[in-house]
Enquirer: 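Below is one structure. I have some questions about it.
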Amino acid sequence: MTRTRLYLFDTTLRDGQQTQGVDFSADDKRRIARMLDTLGIDYVEGGWPGANPTDSEYFAAPPKLNHARHTAFGMTKRAGRSAANDDVLAAVLDADTPAVCLVGKAHDYHVTTALGVTLDENLAAISESFKHLAGKGREALFDAEHFFDGYKANPDYALDCLKAAYEAGARWIVLCDTNGGALPHEIAAITKAVIAAGIPGENLGIHTHNDTENAVANTLAAVDAGVRQVQGTLNGLGERCGNANLTALIPTLLLKEPYASKYETGVSLDALASLTRISRQLDDMLNRLPNRHAAYVGAAAFTHKSGLHASAILKAPETYEHVPPDVVGNRRFVPMSNQAGQSNLRARLAGAGIEVADTDPALAEILRQVKAREDQGYAYDGADASFELLARDVLGQLPVFFEIERYRVTVERRQNALRRMVTVSEAVVVAKIAGERVISASESHAAEDDADQGPVNALALALRKDLGPYQAHIDDFHLVDFKVRITNGGTEAVTRVLIDCADSKGNSWTTVGVSANIVDASFQALTEAIVWKLIHDGVAPA
């Protein structure tokens with residue numbers, strides 16, 4: 001059976017940059033473009049040349065792409081001038097990309113209110129712009145802005161806008177749910193009406209926003225109705241509530257019926273296995289925490305906390321997993337908590353590469369310690385690495401890489417040479433490695449607006465400064481997140497610290513520390529993070 005080709009169009013570098021708190025550099029954009037190209041995306045929209053310095057810098061030296069088509073974004077010509085004499089349109093064409101996407105209004109209200117031109121003037125602008133593009137030999141795309149709202153308000157005019165672009169030579173007519181308010185049944189019905197009006201499905205694309213949490217569903221509804229280009233962003237980045245999330249759409253199209261049998265994309269199953277890594281690389285570049293509950297790629301997407309579920313997973317993973325986690329580069333995780341039973345425990349130990357006989361009494365002791373320590377404030381369902389170290393300790397399989405004799409942290413508030421008030425935190429850690437004492441010191445300076453450079457940071461710097469034969473492994477990982485929770489109230493409250501770490505191999509792990517002292521809790525978690533890293537790098541104790 002011959003499958004129909006679906007084309008994937010990524011707008012992360014433009015729409016994603018409109019996300020609150022996201023600000024790409026030109027180098028960031030080049031790196032993301034290469035990631036998208038490796039994945040198998042068909043079109044990478046790099047931004048709007050001339051609209052801002054970053055986009056202009058990107059297009060001045062675009063990355064080499066092996067599969068994807070570079071696409072520049074812009075707008076249709078302005079009223080009162082020709083397409084050939086519109087400097088804004090000229091800047092887009094000067095980027096010299098093989099594909100060009102122009103946005104134009106498809107809602108009569110926006111034409112008269114936002115643009116302040118007549119309906120006929122808008123149609124003329126669309127037509128003349130795409131004749132100009134076609135004459136330049138570019139693959140032309142028309143983003144019909146506010147199309148679905150426009151169709152509901154004035155279907156004849158909305159369709160006239162599409163026809164103006166299509167008849168002038170646009171290869172793709174992209175139906176945009178710009179405000180994100182349409183629902184799947186509306187998307188399906190209106191898309192079918194567009195095809196019935198004379199614009200073929202093989203020339204139609206869909207561009208949805210997530211303001212009703214329906215962007216992925218709306219996109220699939222449009223595909224069912226006949227569109228053949230899908231637009232979206234990595235991790236659902238985008239203005240307001242975001243755009244259609246390609247990290248959910250791509251695996252759905254490749255793995256779920258009827259899409260898997262009916263359609264093919266530029267993404268291979270081998271490339272799909274890199275999806276989780278790419279998703280997390282993007283978050284890491286943006287200094288954002290990955291969404292643990294994201295479909296397919298989230299850390300919790302294949303996590304099974306219930307003992308009943310874990311028992312079934314051990315027998316047949318498909319009982320509680322809709323796809324195997326490895327096909328999208330993710331992994332199964334069976335956490336430990338005070339709800340856990342031996343099924344969770346055996347699955348979790350097996351996942352860590354620890355073999356234990358079903359009858360080993362140590363299993364009961366591990367469970368007892370987990371439940372007792374969670375009563376003290378520990379949380380092992382979110383601290384997989386600390387649980388593994390606890391289990392190895394009970395089983396007598398925990399290597400001793402170093403011993404901490406003592407540590408000291410001091411905090412001083414003073415003026416610096418610029419007479420600016422700063423807080424200076426100094427830390428000293430005394431450790432024993434192979435019987436030899438190692439003393440490391442570090443200090444951390446925090447100004448008024450730099451509160452993260454405090455005593456915990458100084459302690460982390462000192463602990464990681466000199467661990468002798470292990471230093472290369474220690475230098476290979478970094479702290480991704482630091483979370484503090486108070487487990488009870490009052491001045492004697494117990495503090496729980498969770499630390500997320502990652503390394504260059506793509507490993508990520510979480511450790512937990514608990515104490516009445518936040519520095520001590522942090523030190524516990526930091527120490528365990530280092531020990532876990534050394535074990536999983538296969539390091540032998542000195």
Enquirer: Tell me, with the steps shown, if N245 and N210 meet side-chain contact (heavy atoms from CB on, under 4.5 Å).
Expert: CA-CA 9 Å; N245 190 346; N210 205 35; over 6 Å; no
Enquirer: Do E388 and R392 meet the salt-bridge criterion of a basic N to acidic O distance under 4.0 Å?
Expert: yes
Enquirer: Output yes when R368 and E365 qualify as a salt bridge under the 4.0 Å nitrogen-oxygen rule, no when they do not.
Expert: yes
Enquirer: Return yes if some donor-acceptor pair links the side-chain N/O of T510 with the main-chain N/O of A383 below 3.5 Å, else return no.
Expert: no
Enquirer: Determine whether more than 12 heavy atoms belonging to other residues, nucleotides or ligands lie under 6.0 Å from atom NZ of K483.
Expert: yes
Enquirer: Within the supplied structure, the quantity of interest is the number of heavy atoms (other residues, nucleotides, ligands) at a distance under 6.0 Å from E257 CD; does it exceed 12?
Expert: yes
Enquirer: Does atom CD of E412 have more than 12 heavy-atom neighbours, drawn from other residues, nucleotides or ligands, at distances under 6.0 Å?
Expert: yes
Enquirer: Spell out, as yes or no, whether a donor-acceptor pair under 3.5 Å connects the side chain of R496 to the backbone of G377.
Expert: yes
Enquirer: Assess whether atom CZ of R408 is packed by more than 12 heavy atoms of other residues, nucleotides or ligands within 6.0 Å.
Expert: no
Enquirer: Distance-only, no hydrogens or angles: does the Q281 side chain make a donor-acceptor pair with backbone N or O of I32 under 3.5 Å?
Expert: no
Enquirer: Could you check whether R331 pairs with D384 (Lys NZ or Arg NE/NH1/NH2 to Asp/Glu carboxylate O, under 4.0 Å)?
Expert: yes
Enquirer: Let's go through L246 and T233 carefully: what are the C-alpha distance in whole Å and the side-chain angles of both, what is the deciding distance for side-chain contact (heavy atoms from CB on, under 4.5 Å) to 0.1 Å, and is it a yes or a no?
Expert: CA-CA 5 Å; L246 288 178; T233 61; 5.8 Å; no
Enquirer: So that I can tick it off, tell me whether D27 and R30 are bridged by a salt bridge, with the cut-off set at under 4.0 angstrom between side-chain N and carboxylate O.
Expert: yes
Enquirer: Here's a test for you: under ring-ring contact (aromatic ring centres under 6.0 Å, His included), which of W48, Y58, F9, Y43 qualifies with F73?
Expert: W48
Enquirer: Between the side chains of D466 and S440, is a donor N or O closer than 3.5 angstrom to an acceptor N or O?
Expert: no
Enquirer: Got more than 12 heavy atoms from elsewhere within 6.0 Å of CD, E403?
Expert: no
Enquirer: Would the Y296 and H322 ring centres measure less than 6.0 Å apart?
Expert: yes
Enquirer: Quick one: does NZ or CZ of K29 land under 6.0 Å from the six-membered ring centre of F24, within 45 degrees of the ring axis?
Expert: no
Enquirer: Just by modelled atom types, is the D500 backbone N or O under 3.5 Å from a matching donor or acceptor in the D481 side chain?
Expert: no
Enquirer: Between D537 and K533, does at least one N-O distance fall below 4.0 Å, as a salt bridge requires?
Expert: yes
Enquirer: N235 side chain to S279 main-chain N or O, any donor-acceptor pair under 3.5 Å?
Expert: yes
